[in-house]
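Everything below concerns the one structure shown next.
The chain is numbered in sequence order, starting from 1.
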Amino acid sequence: MKLVTEILGTLVVAGGEPPQPLHEYSQRNWYSDRLTGGATRSADGQFLAYENEGALIVHDLELSKSQRLRDLAEFENIGIHCWLPEGNRIEIKGTRQGQLQRGVFDLDQASLESSPLPRNLLRPCFSADGQTRAGVDFRNGPAALWVDDLITEESWKVETSAAPFSFALSPDGDRIAWVILEASGWGTLWVQSLDSGEATRVAQKLDIGYQRTPILFSPWGDEVLLSLVQIEGAQLEDRHAPESGRDLDLYAKNLETGEWRKLVDESWDLLLTAVDEDQLVYTRLKTDMRAAMAPLTGGEPQPIAAPQTCYPYWHPDGTQLSMMWGEWNLADWALNWDIAAIKIDSDGAVRHGLTPLLQGYHEDFNLAWSPDGRWMAYHSHRSPDPVTSYAAPGSTDAIWLRASAGGPEIPLTGAGHFETCQAEWASDGRELIFCSIGRDRPYRPFVIRIDPDSGASLSVTPLETPEIEGAIVGANFSPTRNELFLEQDTGSAGRRLWRMDRATQTAEPLVDYQSLVQFGGLDVTPDGNTVVYFGLDPDGHHQAFAISREGGTPRQITRGTREFITPQVSPDGKFVAGSSYTHSKEVVLVPFE
């Protein structure tokens with residue numbers, strides 16, 4: 001870490017002030033980049049590697065320069081990487097010249113070599129001296145945790161009660177630590193001596209969330225460092241609360257005394273990156289997401305609700321906006337999202353703050369009222385009891401319906417639909433359209449027919465689009481004509497907006513544009529003459545645009561440096577509401593003792 005110390009060691013501010021970032025980067029995606037985790041660091045501390053907007057980035061701390069590794073190594077894409085213990089060498093796996101390929105790229109020599117790692121080895125890590133390697137491997141049967149002595153060529157299979165959530169080797173390679181995510185949802189920390197084979201459970205019932213987070217040994221091997229952990233007082237129900245106030249931090253467990261110590265106490269999500277004898281490096285994840293609104297004539301969106309709100313939908317009388325509400329915690333990702341509403345005046349002024357509207361275990365969002373205001377349709381992963389993770393047993397993935405006056409939740413879709421997007425109403429209140437994926441199937445639109453009196457689902461049928469192939473990630477009805485507007489994913493961040501006549505199934509392309517967000521919806525003005533969608537503007541930010549239903553030149557509606565997606569036009573046609581956000585990640589260096 002000498003290089004980093006010389007360059008940036010002075011950035012650690014004394015007197016209790018928050019440490020300044022070593023390096024920071026932002027991503028414009030709404031959803032997927034929140035799951036990619038933090039940065040990793042090369043063996044000699046010169047380079048950082050991290051995923052950003054679908055590309056693996058390497059950042060040279062000495063030159064303050066960032067580049068896409070696929071460009072340096074001449075790959076079309078890179079999906080997996082692993083730093084080797086010798087200097088600035090990184091193993092990569094991806095597509096090169098149309099073929100799946102793996103190799104080791106030397107950042108000093110700018111050369112690609114064959115990889116020395118076993119083909120079936122997953123998530124490899126090394127001891128500090130580079131003489132011991134661990135990883136998940138398929139040798140001699142099902143996937144298991146294996147350790148290899150690279151000097152003696154001896155190997156050990158580590159017997160674990162379940163697939164290891166995270167693992168790390170001690171600096172001299174004589175011990176391995178791993179975390180198991182139990183069926184109960186809590187984490188258990190184990191440490192095993194590779195000399196004696198004795199395994200010790202050193203901590204249990206750790207609230208560590210359900211997404212894989214890195215662990216490390218201290219430079220002296222006396223502590224195990226863990227990311228995003230709470231050591232006591234947690235309840236499973238807390239993971240489902242929009243404002244639980246849970247505080248997961250970086251901790252160290254002393255293997256000799258059994259004591260815990262908090263390494264860093266911040267309100268943001270923190271992930272371990274690296275540790276040296278006197279410095280700790282971690283990645284800070286920061287999100288500012290809130291519902292916002294702008295005049296349909298154009299302008300900069302202004303926030304209309306509390307932080308961590310998004311996906312606003314108008315009530316048909318224009319006096320309310322529903323929205324998703326919940327803290328953006330990596331550990332609880334999506335479990336704690338519920339639906340609330342605000343009251344709003346005809347001039348766009350908020351009359352009443354956030355009020356819970358629909359609450360329950362697991363994810364809820366995209367609540368859209370029926371045209372007569374009687375029904376509320378929404379996406380949910382509703383579970384009858386608190387679940388441990390996004391896809392845990394008991395979770396669902398469906399479009400649901402509930403009477404606005406209250407009553408039971410009615411599932412409108414069932415098995416066979418996954419990652420269902422927002423549902424949009426037809427003007428007669430008898431149909432909804434949504435997009436989802438199925439097994440071995442890209443996103444496609446489906447139409448739900450309901451009984452408007454009982455709310456029962458009468459049918460769910462795929463929408464036939466003879467002229468539009470591939471993925472369709474957004475769909476909406478015209479409020480005045482028998483036509484649909486569809487957003488096609490054309491690949492490589494490309495989008496195409498179509499107008500389709502339902503009677504003839506003929507479709508006409510309206511505009512091509514770019515978007516880094518997989519799905520976010522589109523809307524139609526009350527007169528049916530204009531489609532409002534979002535895409536990248538000339539400055540590279542997602543903003544709302546309007547285009548005539550007949551095509552022509554799009555008009556940019558919103559402006560600014562924040563991303564703006566999920567546009568929804570007010571019933572009087574004066575405003576567009578949507579989700580305004582910034583996502584950033586900061587690599588931070590602090591003293592380590």
Side-chain angles (χ1 to χ4, degrees), residues 35-37 40 78-85 91-95 100-104 114-127 131-170 173-206 208-217 224 226-227 331 333 387-395 397 415 418 437 439-440:
L35 306 180
T36 58
T40 61
I78 296 172
I80 300 175
H81 79 280
C82 166
W83 290 106
L84 297 186
E91 193 210 33
I92 52 179
K93 297 179 183 179
T95 305
L100 291 175
Q101 190 169 334
R102 59 198 293 267
V104 172
S114 60
S115 174
L117 300 185
R119 181 170 296 276
N120 293 328
L121 188 67
L122 303 176
R123 298 159 53 196
C125 68
F126 297 85
S127 59
Q131 296 182 9
T132 310
R133 181 184 66 212
V136 175
D137 206 329
F138 294 87
R139 71 185 85 170
N140 303 328
L145 183 57
W146 284 82
V147 177
D148 299 299
D149 187 315
L150 302 179
I151 305 301
T152 66
E153 299 185 353
E154 293 181 276
S155 297
W156 302 268
K157 180 182 178 182
V158 181
E159 297 295 341
T160 61
S161 59
F165 180 73
S166 303
F167 52 88
L169 283 166
S170 63
D174 66 340
R175 284 175 295 176
I176 185 169
W178 69 92
V179 173
I180 295 295
L181 191 63
E182 309 287 355
S184 62
W186 309 113
T188 302
L189 173 63
W190 292 83
V191 175
Q192 180 175 339
S193 166
L194 297 177
D195 293 329
S196 68
E198 180 181 359
T200 304
R201 184 175 60 191
V202 298
Q204 56 186 326
K205 204 178 180 183
L206 297 175
I208 201 168
Y210 69 88
Q211 305 214 50
R212 186 178 301 143
T213 52
I215 67 172
L216 298 169
F217 270 90
V224 177
L226 298 99
S227 305
W333 182 249
V387 295
T388 61
S389 60
Y390 186 81
S395 303
D397 189 343
F418 305 94
I437 58 175
R439 300 192 187 282
D440 303 318

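Atom CZ of Arg139 is surrounded by more than 12 heavy atoms from other residues, nucleotides or ligands within 6.0 Å.
Contact check for Thr95 versus Gln101: no side-chain heavy atoms found under the 4.5 Å cut-off. A heavy-atom distance below 4.5 Å is found between the side chains of Phe167 and Arg123.
With rounding to the nearest 0.5 angstrom, the CG atom of Leu150 is 8.0 Å from the CD atom of Gln131. One finds the CZ atom of Arg175 at 10.0 Å from the OG1 atom of Thr200 (value rounded to the nearest 0.5 Å). Phe165 contributes atom CZ, which lies 10.5 Å from atom CG of Leu206 (distance to the nearest 0.5 angstrom). Of the inter-residue distances, the one linking Leu121 atom CG with Cys82 atom SG reads 8.0 Å to the nearest 0.5 angstrom. Expressed to the nearest 0.5 Å, how far CG of Asp137 lies from CG of Leu145 amounts to 10.0 Å.
Glu159 is linked by a side-chain contact (heavy atoms from CB on, under 4.5 Å) to Lys157, counting only residues two or more places apart in sequence or in another chain. In this structure Ile180 satisfies the side-chain contact (heavy atoms from CB on, under 4.5 Å) test together with Thr160, Ser161, Ala162, Trp178, Glu182, Trp190, sequence neighbours excluded. The side-chain contact (heavy atoms from CB on, under 4.5 Å) test applied to Ser115 returns Glu91, Arg102, Val104, Leu117, not counting sequence neighbours.
Exactly one of Val191, Thr188, Leu189 qualifies for a side chain to side chain contact (heavy atoms under 4.5 Å, CB included) with Arg201. That residue is Thr188.
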Would Asp149 and Thr132 satisfy side chain to side chain donor-acceptor pair (under 3.5 Å), going step by step from the backbone distance to the final call?
CA-CA 5 Å; Asp149 187 315; Thr132 310; 5.2 Å; no
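In this structure a side-chain-to-backbone donor-acceptor pair under 3.5 Å is present from Tyr210 to Trp333. For Ser227 (side chain) and Pro214 (main-chain N/O), a donor-acceptor pair under 3.5 Å exists by modelled atom type.
The nearest pair of heavy atoms linking Gly197 to Gln192 is O-NE2, 3.4 Å. Across all their heavy atoms, Val179 and Gly187 have their closest contact at CG1-CA, 4.4 Å.
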